[in-house]
Amino acid sequence: MEDSPFGLFRKECVALITDALRQEGLLEKEIRLTVPSDSAYGDLSFSTFALGKSAGNDPRLIAEGAVKRIEASHRELVGKVESAGGGYVNFFIDLTRFAELTLGVIGEKGRSYGLSTTKRGSVIVEHTSVNPIHPIHVGGARNAVIGDCLSRILRAAGREVKAHFYIDDVGLQVAQASYGLGMAGSARAKEKSDHFIGFIYAVTSCAMSIKRLRMEIEELKVGCKDEEARGKIGELDDWIGAAADLRAKDEELFDRISDGICAVQDPDSEVNKLLKRYEEKDSGAVKLIRGLSELALAGFRETLDRVGIGFDSWDWESEITSWSGSAEKVVDRLAKTEYVEVEKGTYVLDSELVATKLKLKEKYGIRTEVPPLTLKRSDGTTLYTTRDIAYTLWKFERAEEIINVISIEQKLPQLQLKLALYALGEGKLADRLVHFSYELVHLPGYKMSGRRGRFIAFDDVLSEGVDRAFREVTERSPHLSEEERRRIAEVVGIGSVRYAMIAVASNKPITFTWDRVLNFEQNSAPFIQYAHARASNILAKAGSDPAKCGPPDYSGVQSNYEKDLIVMLSIFPEVVSDAARTLKPEMLAEFANNLASKFNLFYDNIPVLKAEGGIKAARLNLVEATKLVIANALSLIGIEAPSRM
RNA sequence: GGGUCCGUGGCGCAGACUGGAUAGCGCGUCGGCCUUCUAAGUCGAUGGUCGUGGGUUCAAAUCCCACCGGACCCGCCA
């Protein structure tokens with residue numbers, strides 16, 4: 001790994017403490033330095049408590065001895081060294097040299113500062129992959145933003161990344177929506193096409209659920225099972241409520257689909273037949289289902305383009321898994337193993353047997369029985385996870401590692417997928433398959449449900465964000481042209497949504513509220529963008545020829561404001577590699593926010609344009625470097641950095 | 001019922017992988033700062049037994065166990 005400026009300082013500290021301890025006859029095999037809780041304790045520190053414990057010495061004496069040795073050694077970036085706290089060796093940066101080094105490296109590398117130059121192997125990041133039956137809602141938005149940020153960060157860390165969108169057009173839901181679309185006749189989209197499909201799907205699933213529940217309730221009443229019937233009636237009420245909301249949006253279209261479904265004896269079996277025909281590539285089914293999927297995808301592309309999310313590959317499930325026969329082949333291969341049973345015409349993988357026989361329970365932290373996985377329906381069609389096994393093999397022909405960004409709800413099927421790979425003798429692939437799971441986005445008061453048409457669409461969040469940003473920029477910068485205010489509003493509004501989606505750790509649920517997502521104050525994209533705009537403004541006012549200030553004098557850059565800023569800039573490459581290693585895109589958001597915060601303190605306390613000569617030159621370099629690193633950090637989370645706001 | 005994840009001031013979060021010095025930040029509330037590089041900023045005040053109880057350790061928000069609370073999963077859906 002190439003060294004960040006801070007990494008060089010760390011290396012020097014490690015070398016100094018190693019040498020000192022060796023001279024004292026106390027060598028630790030691994031030196032671990034920590035960043036102190038307070039900068040009064042230095043920039044890195046070493047704790048001698050553990051050494052004191054194992055060597056039976058007083059930690060304080062060890063620390064004091066080490067400091068004496070280090071003080072006598074040659075130092076480059078390390079300035080002062082102190083012992084403190086009864087067992088710490090605290091290292092302080094020599095700011096003049098460190099500023100020169102850090103700002104020199106940033107100036108030299110420019111936009112590539114923070115990016116790794118080492119190539120580190122290929123990886124497919126599969127993300128978003130929203131079913132083409134409704135628009136991308138806020139839950140899918142979280143997936144899309146996380147996946148896109150992961151792709152950007154891994155790419156920055158030297159991985160050869162391909163972003164893939166898996167189009168699940170062989171799913172039952174798509175068949176259902178397509179069945180409804182068939183009933184809609186000549187109705188065409190008046191709105192964005194994926195929103196239109198979302199409406200069709202919700203109406204269809206409502207109508208079908210209501211019909212099914214009514215029949216089930218009848219049967220239960222005939223059988224005198226009143227208790228169960230009451231439960232179903234509650235469910236039915238919920239669907240009827242959803243249906244009423246949908247009907248209010250477009251009565252004519254609603255009635256056409258709803259009446260159509262009422263007239264059919266068994267719509268569920270009709271949907272299943274449609275799906276079967278699609279898997280068999282029947283041309284009528286293909287036309288209908290592909291037509292619907294394309295409509296939805298056109299909408300997705302529009303939305304994703306707007307937020308700067310692009311894909312290297314759009315993978316049709318039908319082509320890769322069903323029509324190519326690869327899913328069928330997976331079933332055949334698995335059927336030959338001892339793990340698959342044929343029950344009532346279905347193929348079932350005994351996941352539990354795979355886990356126990358191949359001793360995978362401990363590896364995957366499984367403490368209970370793993371439920372079996374049905375591979376094929378009794379009508380011969382395949383199930384999602386089965387096709388996903390085939391798709392996974394397909395992806396492994398194209399990359400060494402796979403990261404699937406899929407919500408936590410699919411934890412079990414993702415585990416079963418790995419177990420299935422092991423059953424196939426492809427355990428090595430399973431080990432290079434990562435399920436990057438993230439928690440759901442909840443709505444306050446009700447549960448999101450595409451089937452009921454109850455969700456908040458990503459498009460609506462973006463529009464609202466941009467509208468609010470436009471009002472904000474108009475109020476603050478009325479002198480800018482409308483065109484420029486529109487452009488800034490787009491960057492700021494969308495940035496704030498992206499930031500909100502990425503800033504919370506992915507294993508924590510988010511409760512969606514407009515004010516939280518569209519926050520323009522601290523800990524938000526606009527806050528960071530604003531710091532960037534301020535830095536840009538200083539540079540613009542400084543003019544194009546900073547060289548006339550003379551050579552930079554870094555000995556004049558000694559305040560804590562400047563120091564904190566420089567240290568922050570110097571750790572950026574480490575933040576990128578840590579975020580890539582631990583798959584934590586939120587680290588970039590946090591870093592950018594902290595950097596902006598440090599810059600604001602510097603901005604309010606340290607004059608730049610009014611400084612003179614070499615000091616002015618040094619500060620201008622610092623501002624330039626800050627502007628650059630903010631932009632670099634933001635670009636890794638897909639947020640643009642405007643120069644005016 | 002079983003499993004997984006989460007629980008940090010009134011609200012929203014960071015810190016937990018890799019234990020270390022006084023637990024950080026934002027919002028909110030109250031009070032300041034624009035004749036000085038854009039106030040989407042900033043300063044001060046307010047507010048926390050880090051869910052509870054044990055354990056390990058020189059040292060626990062962090063590791064282990066139990067319990068409580070919430071979310072999610074346990075389909076011939078995805």
Side-chain angles (χ1 to χ4, degrees), chain A residues 30 32 34 36-38 40-41 45 47 49-50 52-53 59 84-88 90 129 131 133 168 171-174 176 272 343-348 365-371 373-379 381-385 388 406-413 415 437 439-440 442 451 469 472-473 475-477 492 496 503-505 507-511 513 515-516 519-531 533-542 581-582 584 586-587 589-590 593-594 596-597 599-601 603-611 619 623 644-645:
Chain A
E30 193 191 359
R32 176 154 276 147
T34 53
S37 54
D38 187 322
Y41 300 133
S45 61
S47 153
F49 293 106
K53 176 78 175 164
Y88 292 96
N90 295 336
S129 303
N131 279 355
I133 47 173
D168 175 27
L172 202 54
Q173 286 84 350
V174 171
Q176 197 178 21
N272 279 312
E343 296 167 8
K344 292 181 250 165
T346 68
Y347 287 71
V348 179
I366 306 167
R367 297 211 290 186
T368 48
E369 198 171 307
V370 189
L373 173 69
T374 306
L375 299 167
K376 273 178 97 168
R377 297 188 183 92
S378 45
D379 70 356
T381 53
T382 54
L383 282 145
Y384 179 83
T385 306
D388 202 11
I406 304 177
S407 85
I408 187 97
E409 294 172 296
Q410 293 198 45
K411 189 171 178 148
L412 177 59
L415 173 66
S437 73
E439 268 287 356
L440 306 179
H442 300 277
R451 298 168 66 193
E472 198 83 8
V473 73
E475 190 181 310
R476 291 167 198 280
S477 305
V492 168
S496 73
V504 176
N507 63 352
K508 306 227 177 156
I510 295 178
T511 300
T513 63
D515 287 340
R516 211 170 287 153
N519 172 24
F520 295 168
E521 293 176 309
Q522 269 222 37
N523 196 14
S524 73
F527 172 80
I528 301 160
Q529 291 169 320
Y530 186 63
R534 284 174 137 188
S536 304
N537 194 45
I538 291 178
L539 295 169
K541 292 205 168 163
R581 181 176 55 80
T582 57
K584 285 185 172 181
E586 68 272 19
M587 286 176 70
E590 198 197 345
N593 186 62
N594 288 342
S597 190
F599 178 73
N600 281 330
L601 292 181
Y603 184 95
D604 276 350
N605 293 284
I606 306 294
V608 177
L609 298 176
K610 288 195 170 168
R619 287 182 184 159
V623 173
R644 288 214 272 182
M645 279 174 74

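Order of the sequence lines fixes the chain letters, A, B, ..., with proteins taken first and strands second; residue numbering starts at 1 for each chain.
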Write down the distance separating the P atoms in B:U8 and B:C50, rounded off to the nearest Å. 12 Å
A:Asn507 has a side chain; which of B:G20, B:C6, B:U18 sits nearest to it? B:C6
Side-chain N or O of A:Arg516 less than 4.0 angstrom from OP1 or OP2 on B:C27? no
Phosphate-side-chain proximity, A:Thr346 and B:C76, N/O vs OP1/OP2 below 4.0 Å: no
What interatomic distance, in whole Å, is found between P of B:A16 and the corresponding atom of B:C63? 9 Å
Rounded to the nearest Å, what distance is computed from the CG atom of residue A:Asp168 to the C1' atom of nucleotide B:C77? 10 Å
Given atom CZ of A:Arg32 and atom P of B:A59, what is their separation to the nearest angstrom? 20 Å
Is any side-chain N or O of A:Lys508 closer than 4.0 Å to OP1 or OP2 of B:A14? yes
N/O to N/O distances under 3.5 Å, protein versus nucleotides 34-37 of chain B:
{"unit_1": "B:U36", "atom_1": "O2'", "unit_2": "A:Lys610", "atom_2": "NZ", "d": "2.9"}
{"unit_1": "B:C37", "atom_1": "O3'", "unit_2": "A:Lys541", "atom_2": "NZ", "d": "3.2"}
{"unit_1": "B:C37", "atom_1": "O2", "unit_2": "A:Leu609", "atom_2": "N", "d": "3.3"}
{"unit_1": "B:C37", "atom_1": "N3", "unit_2": "A:Val608", "atom_2": "N", "d": "3.4"}
{"unit_1": "B:C37", "atom_1": "N4", "unit_2": "A:Tyr603", "atom_2": "O", "d": "2.2"}
{"unit_1": "B:C37", "atom_1": "N4", "unit_2": "A:Ile606", "atom_2": "O", "d": "2.6"}

Can you find a side chain N or O atom of A:Gln522 that sits less than 4.0 Å from OP1 or OP2 on B:U42? yes
For B:C34, does the O4'-C1'-N9-C4 or O4'-C1'-N1-C2 angle fall within 90° of 0, making it syn, or is it anti? syn
For the side chain of A:Asn593 and the base of B:A14, is some donor closer than 3.5 Å to an acceptor across the two? no
For A:Lys610, side chain to side chain contact (heavy atoms under 4.5 Å, CB included) partners two or more places apart: A:Pro607
Identify which nucleotide among B:C13, B:U42, B:U57 has an atom closest to any side-chain atom of A:Leu601, counting heavy atoms from C-beta outward. B:U42
Side-chain donor or acceptor of A:Ser47 under 3.5 Å from a matching atom on the base of B:A59? no
Residues two or more places apart in sequence or in another chain: which of them pass side chain to side chain contact (heavy atoms under 4.5 Å, CB included) with A:Ala50? none
For A:Ile406, answer base if it contacts any base atom (sugar-phosphate contacts may also be present), sugar-phosphate if it contacts only those atoms, and nothing otherwise; contact means non-hydrogen atoms under 4.0 Å. nothing
Test of ring centre spacing under 6.0 Å for A:Phe520 and A:Tyr530: no
